[in-house]
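Some notes on the structure that comes next.
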Number of protein chains: 2
Amino acid sequence: MRTDDLILVSTDDHVIEPPDLFEGHLSAADLEAAPRILRKEDGSDVWAFEGAEVPNVALNAVAGRPPAEYGFEPTSFDDIRAGTWDVDARITDMNANGVLGSMCFPSMTGFCGQLFVRARDRELSLRLLRAYNDWHVDEWCGAHPGRFIPLGVSPAWDPEEMAREIRRLAAKGCHAVTFSENPEKLGWPSLHSDHWDPFFAACSDEGTVVAMHIGSSSALTITSVEAPVDVTISLTPLNSAMALGDLAWSRVLKEFPDLRIALSEGGIGWIPYFLDRLDYVYEHHHAWTHQDFGDQRPSDVVKERFIFCFIDDRVGLKLLDDLNVDNITWECDYPHSDSTWPTSPEQVTRTIANLDDDVIAKLTHENAMRHFRFDPFAIRPRERCTVAALRSEAGEVDLTTKSRPRADRATSSAALVASATSILSGTRED
Amino acid sequence: MRTDDLILVSTDDHVIEPPDLFEGHLSAADLEAAPRILRKEDGSDVWAFEGAEVPNVALNAVAGRPPAEYGFEPTSFDDIRAGTWDVDARITDMNANGVLGSMCFPSMTGFCGQLFVRARDRELSLRLLRAYNDWHVDEWCGAHPGRFIPLGVSPAWDPEEMAREIRRLAAKGCHAVTFSENPEKLGWPSLHSDHWDPFFAACSDEGTVVAMHIGSSSALTITSVEAPVDVTISLTPLNSAMALGDLAWSRVLKEFPDLRIALSEGGIGWIPYFLDRLDYVYEHHHAWTHQDFGDQRPSDVVKERFIFCFIDDRVGLKLLDDLNVDNITWECDYPHSDSTWPTSPEQVTRTIANLDDDVIAKLTHENAMRHFRFDPFAIRPRERCTVAALRSEAGEVDLTTKSRPRADRATSSAALVASATSILSGTRED
């Protein structure tokens with residue numbers, strides 16, 4: 001298949017929320033209480049809420065900056081590309097990259113809505129969270145129909161309330177929710193308890209995919225406090241491996257046989273080995289651990305129920321026979337530092353060129369469309385959805401990188417993780 | 001290649017130390033102070049030393065027991081197969097399994113000699129450790145020349161002393177040492193400090209391979225306290241992934257360009273993906289993290305310097321083109337629960353049958369012989385080293401599993417890890 005003819009739907013991108021996101025979705029009193037952007041003396045912008053400050057971590061928004069200036073110091077809206085927070089500019093950036101559809105994870109809320117957990121008033125928490133979801137579905141996704149897969153955040157402090165929000169979102173056409181790859185790390189009950197059953201039941205009923213993004217436990221792998229930051233960045237797929245190992249043996253998959261889980265940004269090349277490992281452990285140990293998969297193997301269940309996601313994965317695409325080709329989706333990861341933007345079509349082509357056209361179609365858009373009930377072709381004719389068509393719509397886009405002066409940054413894993421996750425624990429500390 | 005014609009050298013097995021191991025290697029006074037086997041009221045045997053008790057963890061010695069009775073409660077010498085601790089019986093078990101050579105990791109000392117760290121008198125610690133190594137090299141390996149690859153333990157409390165022991169062992173023909181995949185987890189300086197330089201320099205000079213076994217950080221992955229034990233067992237390869245990620249970016253590989261590291265029991269099927277991941281991170285991030293691999297990529301260095309090990313690895317063997325076929329060795333893992341004993345030849349054949357004979361030779365014995373300077377063919381003619389020849393030497397061996405009554409066991413990951421590793425931290429707690 002020619003690069004120009006690809007149709008690309010990305011199941012993992014990120015939105016940097018604009019300062020006015022809550023406007024129009026809250027009462028005047030709630031708007032007063034809501035998180036707001038605060039410009040600090042050092043020129044950085046942070047979200048301030050009930051005494052906490054959430055920086056716009058720069059490693060999260062580096063699209064358009066030279067790699068020598070990647071880092072994780074707090075930064076300002078002036079320093080980040082408009083496409084990160086302005087939906088019209090985002091569409092232009094998607095078009096320039098030939099990307100038709102995009103599912104955008106939240107930034108300021110944390111992957112699991114942790115920011116809202118901070119509110120002392122749980123009713124306020126819920127109103128803020130719903131306002132956030134309404135902004136995301138109606139404004140961000142609604143601004144350009146057929147271009148975004150909506151992705152909700154749920155009120156993790158109350159599983160019954162989570163279930164209600166899942167149902168409310170499904171009625172609005174949103175069939176994906178971001179949740180933690182390991183809630184226990186956030187101070188919440190583990191995936192092995194029955195605590196989350198109402199939530200999983202609602203997702204199962206509504207056909208809502210639970211997307212667990214790497215880092216959604218607010219825990220990254222730190223091998224040692226002195227380890228260079230490259231160690232932690234390299235090892236991010238381990239978060240997905242742990243989530244896979246955790247869920248494969250959990251009661252969740254057995255209790256909710258229609259539930260599907262996406263391991264966002266987890267990669268795929270490591271998975272065939274781990275599927276064999278699950279089966280090996282089952283065969284060698286089930287007699288004393290009392291695991292029971294009936295007439296299936298653990299790998300069968302995982303292949304049916306998990307959706308795996310890749311950015312650029314030569315090895316995984318070589319091993320498609322050992323995966324379920326109906327449950328793999330491509331992702332762009334705009335505007336994070338691992339993204340292939342703005343040359344995604346060329347990079348995708350490099351690794352999928354040898355596959356059959358029907359397999360390419362599944363991986364690049366059909367699987368994402370089916371799993372997330374996303375139908376862009378209802379909005380725009382298929383021939384206007386290709387890389388070439390979208391790029392011609394984009395016209396002239398300034399893709400040059402922008403340099404900004406900046407302070408030196410720490411380069412230890414511990415510093416990265418402390419900077420990126422300290423605010424986003426799942427419980428209030430003060 | 002026919003199963004009968006395979007020549008198998010295993011780079012990862014385990015010895016359960018016999019009660020009399022220190023005899024003949026220590027003065028009467030030191031023998032009095034040395035660890036000794038104590039039979040507990042519940043019938044289990046433990047190593048007692050300076051107030052600590054190290055159980056013979058049963059998951060470590062399950063060869064010959066029915067899987068329904070695997071577990072990790074302390075057990076006794078009466079309960080374990082003689083081949084686990086008696087070297088003549090071990091040779092019989094190796095012959096019955098068609099295995100020519102074996103490198104045996106210690107049990108009672110911990111993978112890094114942690115038990116000896118407990119001694120209040122550092123001089124005593126050193127004498128005990130040397131006595132252990134002398135027993136291992138001269139008695140265990142010496143009893144049957146050409147059948148065991150010696151593997152030393154080093155005095156981790158003093159890197160200069162480690163270097164001396166590495167040189168002393170090398171002079172005795174021992175070119176492998178067991179060390180921690182992550183010393184920081186044991187309360188010691190990390191792999192990123194220069195603390196260990198004398199040790200690594202000695203290993204590099206003497207051509208001694210540093211073997212980092214999964215679990216040698218005394219830290220296994222526990223996703224949550226409620227997680228079933230299957231989760232932790234499935235995720236043990238993550239320990240090797242972390243060690244690989246840690247070392248790939250460390251100064252160790254750069255400072256000691258001849259140093260080789262074996263990731264024992266780490267598996268191989270996940271490695272090609274991680275090699276690509278290292279290169280991807282290097283390409284995307286080196287401009288700000290300042291990593292410098294000169295004209296190489298991280299994957300080039302890892303492929304040269306690491307020895308990877310597999311028990312039964314369909315996926316890894318499919319991906320040999322993405323690995324270094326000269327640095328992969330087979331392992332049996334006798335008598336642990338992941339072992340393929342006593343049908344290793346048949347299980348190996350299943351996954352390597354399609355490979356070329358010269359590749360099979362490298363994976364099954366030649367690589368192990370070269371890296372560990374092990375030359376069994378100097379002792380016995382090659383034609384007497386094959387699976388068929390060794391099995392015919394074994395004669396009639398009772399391979400039936402033996403059942404023993406036992407208490408119910410805990411099946412949470414946390415209980416497994418607490419049981420297996422609590423005693424073996426790297427620092428004295430009392």
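In the text below, chain A, chain B and the rest are named by the order of the sequence lines, each starting its count at 1.
With a 4.5 Å cut-off on side-chain heavy atoms, A/L235 and B/R277 do not count as touching. Residues B/H284 and A/I233 form no side-chain contact, since every pair of their non-hydrogen atoms from C-beta on lies 4.5 Å or further apart. Within the 4.5 Å cutoff, the side chain of B/Y280 has heavy atoms near those of the A/I311 side chain. Looking at heavy atoms from C-beta onward, B/F274 lies in side-chain contact with A/L238 at the 4.5 angstrom threshold.
Only the backbone of B/S339 comes within contact range of chain A, judged by heavy atoms closer than 4.5 Å. With a threshold of 4.5 angstrom between heavy atoms, B/V281 approaches chain A through side-chain atoms but not through N, CA, C or O.
Looking only at distances, no side-chain donor or acceptor of A/H192 sits under 3.5 Å from a matching main-chain atom of B/S224.
Here the shortest heavy-atom pairing between A/N182 and B/T223 reads ND2-O, 2.8 Å. Closest of all the heavy-atom pairs between A/W249 and B/S234 is NE1-OG, 2.7 Å. A/Y273 approaches B/G266 most closely through the heavy-atom pair OH-O, 3.8 Å.
Heavy-atom pairs under 4.5 Å with chain B were tallied for A/P272, A/S190, A/P183; the largest tally goes to A/S190.
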* To do: Tell me, with the steps shown, if A/K318 and B/D276 meet salt bridge (Lys or Arg N to Asp or Glu O under 4.0 Å).
  => CA-CA 13 Å; A/K318 214 167 154 173; B/D276 278 7; over 6 Å; no
